[in-house]
Amino acid sequence: MQYRLSNKTISELSCDYELCFVEGDKIENLEDKDVLELCKFGEGDVMDVPTSRRVYASLEDKDLESIRLVLAKVVSEIKGYKIKSLKTKLPVNDASIEDIYAAFVEGFELSMYSFDKYKSDAEESTLDELVLCEVADTDLESAEKGLDRGLKIANATNYVRDIVNEIPQVYTPQKMAEDARALTELEGVSCEIFGKEYLKEQNMNAFLAVNQASPHDPVLVHMTYKPSGESKGKYAFVGKGLTYDTGGLSLKPTQFMLTMKSDKGGAAAALGVIKAAAELKLPFEVHAVLGCTENAIGGKAYKPDDIIRTREGVTIEVTDTDAEGRLVLADCLSWAQDMIKPDYLFDMATLTGSISVGIGIYTTGIIGNNMSLQHDFKINGERSGELLSIMEFNKHLRPLIKSKIADIKNSVSGGSGGAITAGLFLDKFIKPEYKDKWLHLDIAGPAYAESAWGYNHVGGTGAGVRFCVYYLLSKM
Ligand code: BES
Ligand code: ZN
Ligand code: ZN
């Protein structure tokens with residue numbers, strides 16, 4: 001899609017279709033006032049009037065997310081139309097011009113996304129030009145900046161959606177390593193890939209245990225983006241990259257196994273953060289550590305009752321092979337602290353089903369020890385439109401992960417508070433000097449949509465990229 005800025009008025013420009021933003025229910029001065037009135041067009045509504053080649057969109061609120069959200073409805077109205085160009089005039093609100101333009105492109109690009117490589121009758125959209133009219137000369141530079149930023153953020157999100165949507169047959173740990181390596185084409189990005197032998201040397205036995213039954217070797221990916229100028233901080237993102245989670249010998253029932261290609265969502269999001277950081281030329285050193293493996297079944301599989309000695313030396317009693325993400329993350333977090341020594345350490349993972357029970361499927365859970373870091377991440381991350389909720393540790397939950405025969409166990413029976421006990425498990429692998437610099441982000445709810453919501457389509461949503469990038473943007 002080509003975005004073009006114009007200082008012409010909307011009626012001066014000829015395009016195949018027009019998108020007309022409406023403030024609440026103020027329709028008095030609109031061309032199609034009669035039809036809109038007839039159909040009781042109101043706040044938050046989207047109405048298509050093909051006879052006058054216009055689609056009307058009323059914003060529910062004055063915030064940026066309302067712009068993104070209304071575009072999902074607009075796009076679903078006009079996506080199938082044989083139109084090549086669309087013109088519109090962006091609404092104004094209290095936000096800056098740059099933010100409004102960025103939100104518009106984000107909403108539009110995320111709504112236009114589709115994953116149809118396996119569909120024989122997939123229809124390509126004919127739309128290839130979007131003209132944003134009535135841009136004042138004084139706003140031109142900010143509008144351009146917003147367009148550029150929004151496009152890069154949306155592209156990184158759609159890139160992550162593609163990874164999550166790819167099938168387990170194709171998307172193995174080796175494929176993830178390939179994708180990581182391909183990102184080194186971007187300026188400032190480098191990549192190291194470590195295999196099974198290295199994991200053994202590093203005593204990453206929890207990571208290795210999860211991989212044991214898989215025909216595909218595990219891969220540890222370390223990506224680095226370094227800005228060309230001075231760095232304003234070093235951030236590391238550790239991602240859970242389970243290219244498939246069958247549950248292992250604690251096998252998932254069919255209906256729960258389906259969609260587990262999305263268990264690589266955390267690692268995919270970390271790749272997306274690197275891509276966006278490099279394309280936006282952010283002034284930070286950004287690292288991504290991806291723990292990639294399948295959780296398979298078979299004669300070689302690790303078992304409930306096994307005890308594993310991790311890289312940190314902490315021993316784990318395996319009580320459920322389906323609680324595998326925390327095992328992989330335990331070793332990756334340990335490695336990242338020693339090898340990268342970042343200023344901040346964030347992990348992203350589709351870690352628990354419990355998180356959605358607690359806060360719903362639309363929201364990411366923030367877990368950690370440092371309240372002010374959690375609040376800061378929530379406030380700035382949510383500017384992206386992604387939802388974040390803080391889940392607190394407490395002293396009664398903390399002992400629940402204790403094991404009778406090892407230091408800790410990997411699942412807690414009974415299951416209540418499962419997202420937090422998973423966080424407490426990870427906390428065992430955070431060194432004292434990192435306690436206040438670490439956040440765990442459980443994206444198990446929003447990473448994959450079983451039915452469409454907002455500008456997310458069925459399948460991978462790209463959860464995680466946008467809140468991380470917006471968080472980083474707040475530190476500029
Ligand atoms: N990958 C799953 C978590 C998950 C569930 C992600 C649903 C997305 C949607 C994870 O490995 C898992 O199976 N967790 C278990 C942990 C339990 C056995 C302690 C869970 O949450 O049920
Ligand atoms: Zn699992
Ligand atoms: Zn999993």
Side-chain angles (χ1 to χ4, degrees), residues 164-165 168 171 173 176 206-207 209-214 218 238-269 290-297 301-306 316-330 332 347-365 367 391 397 400-401 403 408-426 440-451 456 458-461 463-464:
V164 170
N165 285 329
Y171 215 94
M176 193 158 242
F207 189 165
V210 173
N211 177 257
Q212 257 167 228
S214 171
V238 175
K240 171 178 173 183
L242 264 286
T243 58
Y244 204 71
D245 181 11
T246 65
L249 292 177
S250 314
L251 196 64
K252 285 184 186 290
T254 313
Q255 69 272 30
F256 289 111
M257 199 185 298
L258 188 66
T259 75
M260 278 304 132
K261 65 175 185 179
S262 67
D263 218 17
K264 55 183 170 323
L290 323 176
C292 312
T293 176
E294 227 174 34
N295 185 19
I297 55 164
Y302 81 125
K303 300 172 184 70
D305 277 340
D306 274 340
I316 302 169
E317 177 193 0
V318 177
T319 46
D320 193 321
T321 63
D322 196 12
E324 84 299 334
R326 63 195 76 184
L327 298 176
V328 172
L329 287 178
C332 290
D347 74 74
M348 284 189 280
T350 48
L351 205 64
T352 66
S354 314
I355 192 75
S356 326
V357 176
I359 58 179
I361 57 168
Y362 309 109
T363 307
T364 291
I367 291 174
M391 309 285 284
L397 287 169
L400 297 184
I401 58 170
S403 159
I408 51 174
K409 56 186 177 185
N410 78 329
S411 82
V412 176
S413 58
S416 65
I420 303 176
T421 50
L424 285 165
F425 179 98
L426 296 179
H440 159 54
L441 303 157
D442 193 337
I443 58 170
Y448 193 89
E450 300 220 31
S451 51
N456 296 304
V458 171
T461 61

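Order of listing sets the numbers, starting from 1, for every ligand and every atom in it.
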With side chains defined as the heavy atoms from C-beta onward, is the minimum distance between [X] and [Y] less than 4.5 Å?
| X | Y | result |
| --- | --- | --- |
| Pro446 | Thr363 | no |
| Asp263 | Glu324 | yes |
| Leu400 | Leu424 | no |
| Met348 | Thr364 | no |
| Thr350 | Tyr448 | no |
| Ile367 | Leu426 | no |

Nitrogen or oxygen atoms of [X] and ligand 1 under 3.5 Å apart:
| X | result |
| --- | --- |
| Ala444 | no |
| Glu324 | yes |
| Lys240 | yes |

Look at [atom] and say which protein heavy atom is nearest, naming residue and atom and giving the distance to 0.1 Å.
| atom | result |
| --- | --- |
| atom 12 (C) of ligand 1 | Asp322 O, 3.2 Å |
| atom 4 (C) of ligand 1 | Met260 CE, 3.9 Å |
| atom 2 (C) of ligand 1 | Asp245 OD2, 3.6 Å |
| atom 10 (C) of ligand 1 | Leu351 O, 3.3 Å |
| atom 21 (O) of ligand 1 | Gly353 N, 2.7 Å |

Checklist entry - Does the side chain of Thr461 pick up a donor-acceptor pair with the side chain of Asn456 at under 3.5 Å? => result no
Item to check | Side-chain donor-acceptor contact under 3.5 Å, Thr246 with Asn295 | outcome: no
Numbered atoms of ligand 1 (with element) below 4.0 Å of [X], judged on heavy atoms:
| X | answer |
| --- | --- |
| Ser411 | 19 (C) |
| Thr350 | 1 (N), 2 (C), 3 (C), 6 (C) |
| Thr352 | 3 (C), 21 (O) |
| Lys252 | 2 (C), 12 (C), 13 (O) |

Checklist entry - Quick one: do Lys240 and Asp347 make a salt bridge, cutoff under 4.0 Å? => result no
Item to check | Heavy atom of Arg326, distance to ligand 1 below 4.0 Å | outcome: yes
Checklist outcome for this item: Check: of Ile361, Asp263, Asp320, min heavy-atom distance to atom 18 (C) of ligand 1 comes from Asp320
Checklist entry - Where is the tightest heavy-atom contact between Ala419 and Ser354, given as atom of each residue plus distance? => result N-CB, 3.5 Å
Item to check | Closest non-hydrogen atom pair between Gly460 and Val164, with its separation | outcome: CA-CG1, 3.7 Å
Item to check | Stepwise side-chain contact (heavy atoms from CB on, under 4.5 Å) check, Arg326 with Ile316 | outcome: CA-CA 11 Å; Arg326 63 195 76 184; Ile316 302 169; over 6 Å; no
Next on the checklist: Using the rule given for side-chain contact (heavy atoms from CB on, under 4.5 Å), can you reason through Val210 versus Leu242, listing the C-alpha separation, both sets of side-chain angles and the distance that settles it, and then say yes or no?
Outcome noted: CA-CA 10 Å; Val210 173; Leu242 264 286; 4.2 Å; yes
Next on the checklist: For the Zn ion (ligand 3), which protein N/O/S atoms fall under 2.8 Å? Skip waters.
Outcome noted: Lys240 NZ, Asp245 OD2, Asp263 OD2, Glu324 OE2
